[in-house]
*Asks:* 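One structure is given below, represented as structure tokens, and several questions about it will come after.
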Amino acid sequence: MTYPPHLPTTQIEKIRIYNKRGEIRESPIDGKTRIYMRARMYPSLLNSRSIGDLLGHQIGVCSQPSIKIHDILTNDKFFIIGTSSLWEILAPEEVIDSITELGPKDKGVFSEVVFTSLQEVALASGATIDDTTIIISHIN
């Protein structure tokens with residue numbers, strides 16, 4: 001199960017950002033939809049949710065998470081938490097496939113393998129990686 005990304009393109013995020021004097025437009029640098037202070041070229045945020053971004057919070061970015069309750073099923077093997085730099089470059093299926101290919105004996109290196117995949121794809125596509133966190137927790 002995956003959750004929708006916190007992007008400024010969803011209606012509820014747009015409304016909150018515009019109500020707080022933020023502006024959503026395409027970046028002239030990478031062409032991605034980003035959040036800016038009105039009539040300014042900063043802060044150029046890709047995500048509409050963030051913890052501790054004081055400037056972002058002034059223009060409608062909030063730190064409230066989306067929460068969904070998922071009962072753990074017998075087929076569930078692990079869960080993954082990753083920052084936006086992971087999910088911007090790798091699809092959830094790619095991350096799951098990388099973990100599944102390793103098998104249960106290599107649990108200690110899963111985050112390293114996923115990060116290596118992330119670096120390889122980013123390098124090949126010219127994308128940049130910043131502030132990446134990957135947490136993989138196994139369910140017994």
Side-chain angles (χ1 to χ4, degrees):
M1 170 189 343
T2 59
Y3 298 96
H6 295 126
L7 299 174
T9 52
T10 61
Q11 191 62 27
I12 194 162
E13 305 291 316
K14 278 183 189 180
I15 291 169
R16 187 183 63 251
I17 291 162
Y18 278 106
N19 285 340
K20 293 282 190 167
R21 300 182 324 269
E23 183 174 56
I24 301 164
R25 63 180 187 268
E26 189 175 294
S27 166
I29 296 169
D30 64 10
K32 293 182 180 179
T33 302
R34 294 184 177 270
I35 305 165
Y36 297 89
M37 186 169 280
R38 284 203 189 136
R40 303 280 188 253
M41 291 303 294
Y42 59 85
S44 186
L45 302 172
L46 190 62
N47 292 296
S48 56
R49 307 284 175 107
S50 174
I51 298 173
D53 189 325
L54 299 178
L55 180 58
H57 287 216
Q58 292 175 15
I59 58 173
V61 174
C62 75
S63 57
Q64 183 175 353
S66 295
I67 298 173
K68 292 188 180 182
I69 296 173
H70 172 75
D71 292 327
I72 296 174
L73 305 172
T74 54
N75 290 339
D76 292 336
K77 305 280 188 254
F78 51 84
F79 65 87
I80 308 160
I81 299 172
T83 52
S84 61
S85 55
L86 171 65
W87 305 118
E88 288 169 21
I89 296 171
L90 295 177
E93 295 76 22
E94 292 174 297
V95 176
I96 292 167
D97 290 346
S98 293
I99 294 168
T100 305
E101 285 175 13
L102 288 174
K105 65 180 176 151
D106 296 318
K107 289 180 184 176
V109 298
F110 282 171
S111 293
E112 285 180 49
V113 168
V114 171
F115 188 71
T116 299
S117 295
L118 176 66
Q119 286 178 309
E120 290 170 358
V121 172
L123 184 62
S125 67
T128 57
I129 303 172
D130 66 344
D131 304 330
T132 304
T133 299
I134 303 168
I135 300 170
I136 300 170
S137 185
H138 296 273
I139 302 168
N140 293 333

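Keep in mind that what you see is a predicted model, and the values were worked out from it rather than measured. Start at 1 with the first residue, then count along the sequence. Side chains are part of it too, since the values below use all heavy atoms of this structure and drop only hydrogens, waters and symmetry mates.
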*Asks:* Which residues pass the side chain to side chain contact (heavy atoms under 4.5 Å, CB included) test with Ser137, sequence neighbours left out?
*Replies:* Phe79
*Asks:* Check whether Glu94 reaches the backbone of Ala91 with its side chain - one donor and one acceptor, N or O, closer than 3.5 Å.
*Replies:* yes
*Asks:* Which pairs, with at least one residue in residues 41-53 and sequence neighbours excluded, count as a salt bridge (charged side-chain N to carboxylate O under 4.0 Å, His left out)?
*Replies:* Glu13-Arg49
*Asks:* Closer than 3.5 angstrom, by distance alone: can the side chain of Ser48 be matched with the main-chain N or O of His6 as a donor-acceptor pair?
*Replies:* yes
*Asks:* Using a cut-off of 6.0 Å, state whether more than 12 heavy atoms not belonging to Leu73 lie near its atom CG.
*Replies:* yes
*Asks:* With a 4.5 Å heavy-atom cut-off, do His70 and Asp76 have their side chains touching?
*Replies:* yes
*Asks:* Are there more than 12 heavy atoms of other residues, nucleotides or ligands under 6.0 Å from atom CZ of Arg38?
*Replies:* yes
*Asks:* Please answer whether the main-chain N or O of Gly60 pairs with a side-chain N or O of Tyr18 as donor and acceptor at a distance below 3.5 Å.
*Replies:* no
*Asks:* Are Tyr36 and Ile59 close enough that some pair of their side-chain heavy atoms sits under 4.5 Å apart?
*Replies:* no
*Asks:* In this structure, are over 12 heavy atoms from other groups packed under 6.0 Å from Ile15 atom CD1?
*Replies:* yes
*Asks:* Scan side-chain atoms only and decide if Ser63 and His57 contain a donor-acceptor pair under the 3.5 Å cut-off.
*Replies:* no
*Asks:* Give me the ring orientation class for Phe110 and His138: parallel if the planes are under 30° apart, tilted from 30 to 60°, perpendicular past 60°.
*Replies:* tilted
*Asks:* Are the side chains of Asn47 and Val61 in contact, using a 4.5 Å heavy-atom criterion?
*Replies:* no
*Asks:* Does any non-hydrogen side-chain atom of Ile24 lie less than 4.5 Å from one of Thr33?
*Replies:* yes
